[in-house]
Amino acid sequence: MGTLLWIVAVVMIVAGLAGTILPALPGAALVFAGILLAAWIDDFARISGFTVLVCGLLMMVAWGADYVSAMLGARRAGASRLAIAGAAIGTVAGVFTGFVGLLFMPLVGAAVGEWLADRNAARAAHVGISTWVGLLVGTVAKVAITFVMVGLFVLALLVR
């Protein structure tokens, strides 16, 4: 039973790493759940409660970075509510259109939303690009934080 649980923990961590790029999967949360499961399997002997706590805090920071960065990018450009809604719709549509769609559909959604609100093509392009840059910055931060979580997990396994 222990081996099966370790396999589940590792699969959760690997799926979580994929989820840092794919918005359909809760990346940092899956990594954290895998770390928590691994710590529980071992009765918190190698992976301490403190390590789990730090990883939990990092998970919340990763989650916040993902949303705050996109919002700040849109807000900095003065995006309308329609642009923000368009970016959200574009993100969801991007999941179904492959990697290129995943990268560019939020930009298109924000630009279309801003254009519908303002009918100014230059402004719509500016808002779309600013929102997109915010999303990319958030994704990079989320990936980095998630790799720190995995690094702490591996370090805890190797040290004890």
Side-chain angles (χ1 to χ4, degrees), residues 5-42 44-79 83-111 113 125-160:
L5 288 175
W6 273 104
I7 291 170
V8 170
V10 169
V11 166
M12 290 172 80
I13 291 170
V14 170
L17 287 173
T20 59
I21 304 294
L22 303 170
L25 295 173
L30 275 173
V31 169
F32 175 72
I35 291 170
L36 180 62
L37 177 60
W40 177 79
I41 293 167
D42 203 27
F44 295 88
R46 287 187 278 176
I47 304 157
S48 69
F50 180 75
T51 301
V52 173
L53 175 68
V54 169
C55 287
L57 292 172
L58 287 171
M59 175 197 63
M60 290 189 288
V61 170
W63 180 77
D66 200 26
Y67 291 102
V68 169
S69 63
M71 182 184 69
L72 290 177
R75 183 172 287 166
R76 181 177 171 107
I84 294 170
I89 292 167
T91 300
V92 172
V95 171
F96 302 105
T97 58
F99 185 70
V100 173
L102 201 56
L103 282 177
F104 294 106
M105 289 302 285
L107 178 149
V108 171
H126 175 70
V127 166
I129 291 170
S130 295
T131 303
W132 181 67
V133 168
L135 286 168
L136 287 181
V137 168
T139 299
V140 168
K142 183 173 59 172
V143 168
I145 292 167
T146 304
F147 273 103
V148 168
M149 291 169 62
V150 172
L152 289 172
F153 169 70
V154 170
L155 186 64
L157 285 175
L158 295 176
V159 170
R160 294 183 190 220

I need the Leu58 CG to Ile35 CD1 distance, nearest 0.5 Å.
9.0 Å
Is a side-chain donor or acceptor of Lys142 paired with a backbone partner of Thr20 at a separation under 3.5 angstrom?
yes
Going by the rule side chain to side chain contact (heavy atoms under 4.5 Å, CB included), which residues pair with Ala77 if we only count those two or more places apart in sequence or in a different chain?
His126, Val127, Ser130
Answer yes or no: is there a side-chain heavy-atom contact under 4.5 Å between Leu152 and Cys55?
yes
Set of side chain to side chain contact (heavy atoms under 4.5 Å, CB included) partners for Phe44, sequence neighbours left out
Leu36, Ala39, Trp40, Val52
What pair of heavy atoms forms the shortest contact from Ala141 to Ala65, and how long is it?
CB-CB, 4.2 Å
Within a radius of less than 6.0 Å around CH2 of Trp6, do more than 12 heavy atoms belonging to other residues, nucleotides or ligands occur?
yes
Between Thr146 and Leu17, does the side chain to side chain contact (heavy atoms under 4.5 Å, CB included) criterion hold? Intermediate values first, please.
CA-CA 7 Å; Thr146 304; Leu17 287 173; 3.7 Å; yes
Look at the side chain of Thr51 and the backbone N and O of Ile47, then say whether any donor-acceptor pair between them is shorter than 3.5 Å.
no
Are Ile13 and Val150 close enough that some pair of their side-chain heavy atoms sits under 4.5 Å apart?
yes
Grab the two heavy atoms, one from Ile145 and one from Ala62, that are nearest each other, plus how far apart they are.
CG2-CB, 3.8 Å
Supply the atom-to-atom distance Leu107 CG to Leu136 CG, rounded to the nearest 0.5 angstrom.
9.0 Å
Students often mix this up, so state it plainly: with edges at 30° and 60°, are the rings of Phe104 and Trp132 parallel, tilted or perpendicular?
parallel
My understanding is that only residues two or more places apart in sequence, or in another chain, count here; which of them pass side chain to side chain contact (heavy atoms under 4.5 Å, CB included) with Met59?
Ala28, Ala29, Phe32, Met149
Residue pair Met12 / Val31, side-chain heavy-atom distance below 4.5 Å
no
